[in-house]
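Data block below; observations after.
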Number of protein chains: 2
Amino acid sequence: MTDTDAPRRRSDVTRASILDAARARFAADGYERATVRAIAQDAGIDPSMVMRYYGSKEGLFAAVIDVELVLPDLAAIPVDDVGAVLVGHFLDLWEHDSVLQTLLRVGVTNEAGAARMRDVFSGQILPLAQRFVGAGEDAARRAALVASQVLGMALVRYVLRFGPAADLTRADVVAWLGPTVQRYLTAPRP
Amino acid sequence: MTDTDAPRRRSDVTRASILDAARARFAADGYERATVRAIAQDAGIDPSMVMRYYGSKEGLFAAVIDVELVLPDLAAIPVDDVGAVLVGHFLDLWEHDSVLQTLLRVGVTNEAGAARMRDVFSGQILPLAQRFVGAGEDAARRAALVASQVLGMALVRYVLRFGPAADLTRADVVAWLGPTVQRYLTAPRP
DNA sequence: ACTGTATGCCAACACACGTTGACCTTCGCC
DNA sequence: GGCGAAGGTCAACGTGTGTTGGCATACAGT
């Protein structure tokens with residue numbers, strides 16, 4: 001969605017290196033502390049190039065978070081495994097793609113980031129919840145509960161870096177959080 | 001720990017109003033966006049007073065987060081109710097005290113905030129987990145799991161403001177999260 | 001080969017920030 | 001009642017920020 005396959009313009013490699021550097025900086029430092037100058041230096045070009053290609057710092061940030069996050073078709077998964085599989089998929093996402101780290105770090109102080117985060121979870125988790133309880137308030141509640149546990153683990157593990165949370169193996173996380181997510185999605189309303 | 005009971009100096013009221021304004025700004029905007037100038041304006045004084053009384057912006061922030069967060073004696077609670085009671089206590093804390101919001105907003109991009117957050121949870125949740133499984137790695141893991149769920153709910157409910165999470169009643173949150181926390185603390189290792 | 005356009009760098013702007021020091025004003029005390 | 005200190009204001013400094021316009025260079029089309 002962000003780029004085409006074959007570079008048509010000579011500058012596409014520069015555009016991409018800016019975007020890469022921006023991804024890393026926003027993910028590591030958040031919106032305010034990630035400066036245009038630092039991003040430009042990482043990309044090996046002049047700060048003014050950032051403005052030329054992305055208009056403004058805000059425009060650059062918009063480009064960074066404008067990516068599709070697609071969870072593999074969860075519709076095909078056995079009902080009893082949904083919790084564990086979902087947790088596993090999100091672990092993959094956090095570890096192999098910086099966009100969620102970016103959204104978490106930025107969304108906490110930046111409304112645009114928060115809004116995008118809401119969109120991502122509405123698009124990914126809500127439909128899943130609706131599979132079990134149908135559309136409606138109850139599905140939204142369950143999706144929010146799942147989001148709270150998944151994002152909370154990401155927070156303590158990848159952002160705040162609580163030692164014990166960071167030390168958990170992937171299997172540990174799935175074994176502990178899987179049942180929680182499973183319950184939020186499928187248990188009868190308390 | 002932060003202040004005495006009776007104001008001895010004439011300036012104590014000013015000191016306090018600066019601290020109040022700082023609490024609100026840091027909690028709402030995070031460290032970078034909360035400017036000394038804005039805090040001073042909220043407190044109705046000159047920015048230089050902030051420097052006189054707290055030395056620097058960093059010193060002011062240190063004063064803001066230097067508060068004791070005491071959970072009522074959880075040792076006296078029936079073992080089966082620990083999850084629900086703990087969730088309830090944390091809800092109270094989040095809603096009647098801004099320091100946790102501050103720590104969450106700041107800890108995401110500021111190492112001092114993250115460190116303080118780790119300390120708070122080590123001091124509050126770790127001892128609780130040790131009640132059930134004794135000191136050791138397993139207790140730390142369980143405390144981290146509890147932290148992930150409690151902080152995750154705070155994140156989506158008070159910071160990112162996901163609609164469905166913010167709309168949950170207090171009873172809903174306790175009913176859903178209570179069993180999760182209970183399980184993280186007391187269930188046998190998976 | 002010439003020309004126009006895309007690509008890039010450089011220097012500078014305007015602004016907001018944290019911080020400082022000089023200057024008033026008000027209070028408490030001998 | 002004068003005097004020293006505490007409380008408070010004001011204007012300014014230095015720095016880093018996002019952003020802009022002008023200028024050099026490399027490329028592509030004819």
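In the text below, chain A, chain B and the rest are named by the order of the sequence lines, each starting its count at 1.
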Measure from the ring center of B:Y158 to the ring center of B:F90 and say whether it is less than 6.0 Å.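 Between B:F90 and B:Y158, which both carry aromatic rings, the centre distance is not below 6.0 Å.
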Quick one: does [X]'s side chain get under 4.5 Å of [Y]'s, heavy atoms only?
{"X": "B:L151", "Y": "B:M117", "value": "yes"}
{"X": "B:L104", "Y": "B:Q101", "value": "no"}
{"X": "A:L91", "Y": "A:R157", "value": "yes"}

Which whole-number value in Å describes the distance from [X] [atom1] to [N] [atom2]?
{"X": "A:I45", "N": "D:dT25", "atom1": "CD1", "atom2": "C1'", "answer": "17 Å"}
{"X": "B:Q41", "N": "C:dA16", "atom1": "CD", "atom2": "P", "answer": "13 Å"}
{"X": "A:R15", "N": "C:dA6", "atom1": "CZ", "atom2": "C1'", "answer": "11 Å"}
{"X": "B:E32", "N": "D:dG18", "atom1": "CD", "atom2": "C1'", "answer": "16 Å"}
{"X": "A:E58", "N": "D:dT19", "atom1": "CD", "atom2": "P", "answer": "8 Å"}
{"X": "B:R52", "N": "D:dG8", "atom1": "CZ", "atom2": "C1'", "answer": "7 Å"}
{"X": "B:I39", "N": "C:dA16", "atom1": "CD1", "atom2": "P", "answer": "17 Å"}
{"X": "A:K57", "N": "C:dA16", "atom1": "NZ", "atom2": "P", "answer": "15 Å"}

For A:S48, report the nucleic acid contact type (base, sugar-phosphate, nothing); a contact means any heavy atom under 4.0 Å.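 The residue A:S48 makes base contact.
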Base, sugar-phosphate, or nothing for A:Y54, non-hydrogen atoms under 4.0 angstrom?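 Contact class for A:Y54: none.
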Both A:R33 and B:Y53 contact DNA chain D. Taking the nearest nucleotide for each, which residue is further toward the 5' end?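 Here B:Y53 is the residue nearer the 5' end.
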5'-most by nearest nucleotide on DNA chain D - A:M51 or B:M49: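 Comparing both residues, the 5'-ward one is B:M49.
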Nearest to the side chain of [X] - [options]?
{"X": "A:T35", "options": "D:dG18, D:dG8, C:dT19", "value": "D:dG18"}
{"X": "B:V36", "options": "D:dT19, D:dT9, C:dG18", "value": "C:dG18"}
{"X": "A:D46", "options": "D:dT9, C:dC9, D:dT19", "value": "C:dC9"}
{"X": "B:T14", "options": "D:dC10, D:dG8, D:dT19", "value": "D:dG8"}

With a 4.0 Å cut-off, would you call A:R118 and A:E111 a salt bridge?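 Answer for the salt bridge query: yes.
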Got a sec? Which of residues 23-30 of chain A come in under 4.0 Å of DNA chain D, heavy atoms?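 Of all residues in residues 23-30 of chain A, none places a heavy atom under 4.0 Å from DNA chain D.
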For B:R189 and A:D172, what are the C-alpha separation, side-chain angles and deciding distance, and is it a salt bridge (charged side-chain N to carboxylate O under 4.0 Å, His left out)? CA-CA 9 Å; B:R189 302 173 57 173; A:D172 281 338; over 6 Å; no
Can you tell me whether the side chain of A:R37 and the base of D:dG18 have a donor-acceptor pair closer than 3.5 Å?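 Looking at the base of D:dG18, it does pair with a donor or acceptor on the side chain of A:R37 (distance under 3.5 Å).
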Using the ring of each side chain (for Trp, its six-membered ring), is A:F26 parallel, tilted or perpendicular to A:Y31, with breaks at 30° and 60°?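 Correct class here is parallel.
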